[in-house]
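Reviewing the structure listed below.
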2 protein chains.
Amino acid sequence: MSKLKPIDRSSFEPPYSQVARGMRERIVDGQYRAGDRLPSEAELCALYDVSRMTVRRAVALLVQDGVVFTENGRGTFVRAPELGAATFDLGSLRRLVDDAATTVKISEARIVPPSPRVRRKLAVDAESHVVAIRRVLSSAGEPVFYHTEYLVFDPRRPLVEAEYGVTALRDLLANAGKSGFKYGRLQLHASTLTETEASYLGEEPGMSAWVIEHLFFDFEDRPVSWGRFIGRSDRLDFSTTVGVPDVGKGAGE
Amino acid sequence: MSKLKPIDRSSFEPPYSQVARGMRERIVDGQYRAGDRLPSEAELCALYDVSRMTVRRAVALLVQDGVVFTENGRGTFVRAPELGAATFDLGSLRRLVDDAATTVKISEARIVPPSPRVRRKLAVDAESHVVAIRRVLSSAGEPVFYHTEYLVFDPRRPLVEAEYGVTALRDLLANAGKSGFKYGRLQLHASTLTETEASYLGEEPGMSAWVIEHLFFDFEDRPVSWGRFIGRSDRLDFSTTVGVPDVGKGAGE
DNA sequence: ATTCTGTACCTGTCTAGACAGGTATGTCGG
DNA sequence: CCGACATACCTGTCTAGACAGGTACAGAAT
């Protein structure tokens, strides 16, 4: 066990990241394999000539990435890639909305009495009203997603037209900074296009599609917005990796 | 700004977790809202009477959960819930396989010449052979998932029958400890059941379904296993939350 | 009025050491 | 043979302090 890769103190990359990258490389190389125990923190301190907190931070990075796991009193071990540990994110949906070539057209925005389903979702009675918004998201002129949203209508605070537009959607998806929501629940479904949805998207009914259902709550835990994104299954990319595919990504904070 | 909740030094919950929970509660209460700046680390040190590293660990927990974000030189701010930041995991698939009521039946396991698609996925030529495995996962007697897998056949190392069975699948999904894979790529698709798939699952063709496609690589970055899980869309739960739904979950390590 | 600069404040990073508690293992006494 | 105990090693947690570098703002120089 020798000091194979000493820390470059003049580098812009801080030591904890260099240590993490070094260990990651050894795992990728196969020097340490699934189940193997890594050198103890004290040993790594000596190997890289850094303090223990720095080593622990490096290890914490690898733990966070699912590359290794620690057991109290035993050591740090390389984790085997697990299919069940995979996570998928909505990155491609976010990219779609952030893309300049994406346009949002509001096909409908009016105050309606709530349907039974909307009543149940938004926990409102039949006498109240909701704002129904339907949008079509297009990328490069081609319709990609059909979005329906129902907002609890508050007659005391009439909303500005702009709030239903593109900005509101962008705030919902990307960083809002200021949104009236406390939290939201999301569900991902596999479904098929109805005739209405297919007509909006220029596809054929029965085609397999994604449904992203979202329900947002205000600070009093009352539901205020319920809606669904519906789009062709090939327009959203849910792909991910388990294990240690490459090293390049471990550097950024 | 007073010491509202002093740290309980006799509690089993370590101080860093108590601090994180305290700040989380204040955010949930609406005391701090999206965009607001939290007290600086030095202020939190004084408020809770702990060292700065303890405060930083607490903040790091909240950052990891997406509750707050930090900006160098400016401070720590409450993050607004973003739909685009949502992540989905395969927890329900893992639970399904871990469940004692789940059975795995191998409907086929034999050495076959690879189809063009399998040849492409596994990067093998037409002269080589692959092991084709088809499994049906049932929960409480009811078929839930249909799994097809193709393994590169290595004649030098004939595999044990058991490796194709339930154990191999469990290792693939839950913690394996020792697997021959270095990493894997996963893709989630929305699709519809073909006639073959529907017959295995006791459903009707055309029904919307999940497809989880997986491709695993060995330590020489060569693909060794390609396969797909196919199942009814209502048998996998892809639900998640954005923002701060509740406080109870912040305690565990 | 504009630009530059110092300063206060903030997060980011690192150190050296300390104690607690879990884990594995060997030894000793029964 | 076997259980109890001591011990070495490991990760988990915390402290007090230090320096670096980014940010914002007020005041000085132009």
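No hydrogens, no waters, no symmetry mates; every other heavy atom, side chains included, goes into these values.
At the phosphate of dC9(D), neither OP1 nor OP2 sits under 4.0 Å from any side-chain N or O atom of Arg74(A). Proximity of Ser51(B) to the phosphate of dG17(D): no side-chain N or O atom is located under 4.0 Å from OP1 or OP2. For dT15(C), the OP1/OP2 oxygens have a side-chain nitrogen or oxygen of Thr54(A) closer than 4.0 Å.
Residue side chain Arg57(A) does not reach the base of dG12(C) through any donor-acceptor N/O pair under 3.5 Å, judged by distance alone.
Minimum atom distance to the side chain of Arg52(A) is reached by dG12(D), of the listed dT13(C), dC10(D), dG12(D). Of all nucleotides listed (dG21(C), dG17(C), dT11(C)), dG17(C) comes nearest to the side chain of Met53(A). Nearest nucleotide to the side chain of Arg56(B), out of dT13(C), dT11(D), dT15(D): dT13(C). Side-chain proximity of Thr70(B) to dT13(C), dG12(C), dC10(D): nearest is dG12(C).
A salt bridge is absent between Glu220(A) and Lys182(A): the closest approach of a Lys/Arg side-chain nitrogen to an acidic carboxylate oxygen does not fall below 4.0 angstrom. Asp65(A) has a carboxylate O that lies under 4.0 Å from a charged side-chain N of Arg24(A), or vice versa, which qualifies the two as a salt bridge.
If you take CZ of Arg37(A) and P of dT23(C), they are 15 Å apart, rounded to a whole angstrom. Atom CD of Glu13(B) is separated from atom C1' of dA20(C) by 17 Å (rounded to the nearest Å). To the nearest angstrom, C1' of dT11(C) lies 15 Å from CG of Leu62(B). The distance between atom CG of Leu61(B) and atom P of dG12(D), rounded to the nearest whole Å, is 14 Å. Protein atom CG of Asp49(B) is 12 Å distant from nucleotide atom C1' of dT15(D), rounded to whole Å. Following rounding to the nearest Å, Glu43(A) (CD) and dC9(D) (P) show an atom-to-atom distance of 10 Å. The CZ-P distance, from Phe69(A) to dG22(C), rounds to 19 Å in whole Å. For the pair Glu41(B) CD and dG17(D) P, the computed distance is 17 Å after rounding to whole Å.
Ring centers of Trp210(B) and Phe238(B): under 6.0 Å apart, within the cut-off. For His214(A) and Phe229(A), the ring centers are positioned less than 6.0 Å apart.
Of the residues near DNA chain C, Gly75(B) and Glu71(A), the one whose nearest nucleotide (by heavy atom distance) lies more toward the 5' end is Gly75(B). Of the two residues near DNA chain C, Ala42(B) and Asn72(A), the one whose nearest nucleotide lies more 5' is Ala42(B).
When all heavy atoms of Leu62(A) and Ala20(A) are compared, the closest pair comes out as CD2-O, 3.9 Å.
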